[in-house]
Amino acid sequence: MTKHHLKVGQVLRAERTVTDESIAAFAELAGDRGRHHQPDQGRAMAHGLFTASLATEIGGELDFIARRMSWELLRPVWSGDTITAAVTVRALSEVRSGTGLELEVEITNQDGETVLRGESTGVIRH
């Protein structure tokens with residue numbers, strides 16, 4: 001999807017099933033190996049930034065360069081959960097370096113519960 005196809009109000013989606021392996025891989029990259037992220041303590045809790053990274057999958061598809069991100073983590077995500085990001089285009093504007101975007105993010109779990117709410121601003125460069 002290119003910037004030319006984006007419209008205010010458009011919703012872009014991505015989905016991921018969280019696994020013990022994906023949590024462990026993120027823990028290795030981030031250096032956050034807290035006990036609650038370890039599967040041997042029961043189901044592992046996903047890192048908040050791992051949960052938020054589902055929205056960045058959509059940003060990558062758009063070649064979106066974030067300048068600001070804000071997240072509110074509302075409930076935990078556990079291994080075995082399937083989460084879905086809905087990223088809504090709130091505003092589009094022409095800026096010197098390309099197309100400015102304001103995005104609203106909501107990530108829900110398989111039960112329809114909101115686990116993360118946030119927003120981001122940035123640019124898709126020319």
Side-chain angles (χ1 to χ4, degrees):
M1 174 165 301
T2 67
K3 63 183 180 275
H4 304 291
H5 294 105
L6 293 175
K7 293 179 178 52
V8 173
Q10 184 174 358
V11 180
L12 308 164
R13 297 184 190 282
E15 184 177 283
R16 167 188 302 155
T17 297
V18 178
T19 64
D20 287 337
E21 294 78 19
S22 61
I23 293 170
F26 190 88
E28 186 64 30
L29 285 172
D32 177 356
R33 297 175 189 86
R35 283 191 314 234
H36 51 291
H37 299 308
Q38 304 299 318
D40 63 340
Q41 302 294 319
R43 289 198 316 162
M45 181 191 297
H47 304 71
L49 288 175
F50 176 73
T51 300
S53 74
L54 183 55
T56 66
E57 180 179 319
I58 294 166
E61 292 172 9
L62 297 173
D63 288 323
F64 174 72
I65 299 169
R67 292 188 172 156
R68 186 181 60 78
M69 292 186 224
S70 173
W71 311 113
E72 181 181 8
L73 302 162
L74 301 170
R75 59 182 64 216
V77 172
W78 303 97
S79 59
D81 285 352
T82 298
I83 55 175
T84 302
V87 176
T88 303
V89 178
R90 248 192 341 214
L92 292 164
S93 61
E94 286 305 311
V95 297
R96 186 177 57 218
S97 59
T99 302
L101 283 175
E102 291 181 26
L103 303 172
E104 183 176 302
V105 178
E106 182 177 22
I107 299 179
T108 56
N109 64 17
Q110 68 279 355
D111 298 321
E113 300 168 320
T114 301
V115 298
L116 180 148
R117 195 172 282 129
E119 57 189 17
S120 183
T121 58
V123 66
I124 299 172
R125 294 188 349 202
H126 292 305

| field | All side chain to side chain contact (heavy atoms under 4.5 Å, CB included) counterparts of Leu74, not counting sequence neighbours | value | Glu72, Thr114, Arg117

| query | Is any side-chain heavy atom of Leu6 closer than 4.5 Å to a side-chain heavy atom of Leu12? | reply |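 Leu6 vs Leu12: side chains touch.
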
| If we only count heavy atoms from C-beta on, is the Arg13 to Val11 side-chain gap below 4.5 Å? |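 Touching, per the 4.5 Å side-chain cut-off.
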
| task | Determine, using the 4.5 Å side-chain heavy-atom cutoff (strictly less than), whether Leu54 and Leu29 are members of one ILVMFWY cluster. | result |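 Cluster IDs for Leu54 and Leu29 differ.
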
| task | Check whether Met45 and Phe50 end up in the same hydrophobic cluster, where Ile, Leu, Val, Met, Phe, Trp and Tyr are linked by side-chain heavy atoms less than 4.5 Å apart. | result |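 Result: no, two separate clusters.
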
Using atom types as modelled, flag every donor-acceptor pair under 3.5 Å from a side chain in residues 77-92 to any protein atom, sequence neighbours excluded.
{"unit_1": "Ser79", "atom_1": "OG", "unit_2": "Asp20", "atom_2": "OD1", "d": "2.9"}
{"unit_1": "Ser79", "atom_1": "OG", "unit_2": "Ala44", "atom_2": "N", "d": "3.4"}
{"unit_1": "Asp81", "atom_1": "OD1", "unit_2": "Gln110", "atom_2": "NE2", "d": "3.1"}
{"unit_1": "Asp81", "atom_1": "OD2", "unit_2": "Trp78", "atom_2": "N", "d": "2.9"}
{"unit_1": "Thr82", "atom_1": "OG1", "unit_2": "Thr17", "atom_2": "OG1", "d": "2.9"}
{"unit_1": "Thr84", "atom_1": "OG1", "unit_2": "Glu15", "atom_2": "OE1", "d": "3.4"}
{"unit_1": "Arg90", "atom_1": "NH1", "unit_2": "Glu119", "atom_2": "OE1", "d": "3.2"}
{"unit_1": "Arg90", "atom_1": "NH2", "unit_2": "Glu119", "atom_2": "OE1", "d": "2.9"}

| message | I need the Leu103 CG to Leu62 CG distance, nearest 0.5 Å. | response |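 Nearest 0.5 Å value for the CG-CG distance: 7.5 Å.
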
| message | Let me confirm one number: the CE-CG distance from Met69 to Leu49, rounded to the nearest 0.5 Å. | response | 9.5 Å

| said: More than 12 heavy atoms of other residues, nucleotides or ligands under 6.0 Å from CG of Leu73: yes or no? | reply: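 Counting neighbours around CG of Leu73, more than 12 heavy atoms of other residues, nucleotides or ligands fall under 6.0 Å, so yes.
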
| query | In chain order, what residues pass the side-chain hydrogen bond (donor to acceptor under 3.5 Å, both in side chains) check against Arg67, with sequence neighbours excluded? | reply |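 Listed in chain order: nothing, the list is empty.
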
| field | With sequence neighbours excluded, residues passing side-chain hydrogen bond (donor to acceptor under 3.5 Å, both in side chains) with Arg96 | value | none

| task | Kindly give the cluster partners of Val95, where membership spreads through any ILVMFWY side chain lying under 4.5 Å from a current member. | result | Ile65, Val123

Closest approach of [X] and [Y], non-hydrogen atoms and distance?
{"X": "Ala55", "Y": "Ile107", "value": "N-CD1, 4.5 Å"}
{"X": "Val18", "Y": "Ala46", "value": "CG1-CB, 4.2 Å"}
{"X": "Leu116", "Y": "Trp71", "value": "CD2-CE3, 3.3 Å"}

| request: Quick one: which residue pairs count as a side-chain hydrogen bond (donor to acceptor under 3.5 Å, both in side chains) with a foot in residues 49-60, not counting sequence neighbours? | output: Arg16-Ser53

| query | Does the Asn109 side chain pair with the main chain of Asp111, one donor and one acceptor, at a distance under 3.5 Å? | reply | yes

| query | Relative to the ring of His47, is the ring of His37 parallel (under 30°), tilted (30 to 60°) or perpendicular (over 60°)? | reply |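 Rings of His37 and His47: parallel, under 30°.
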
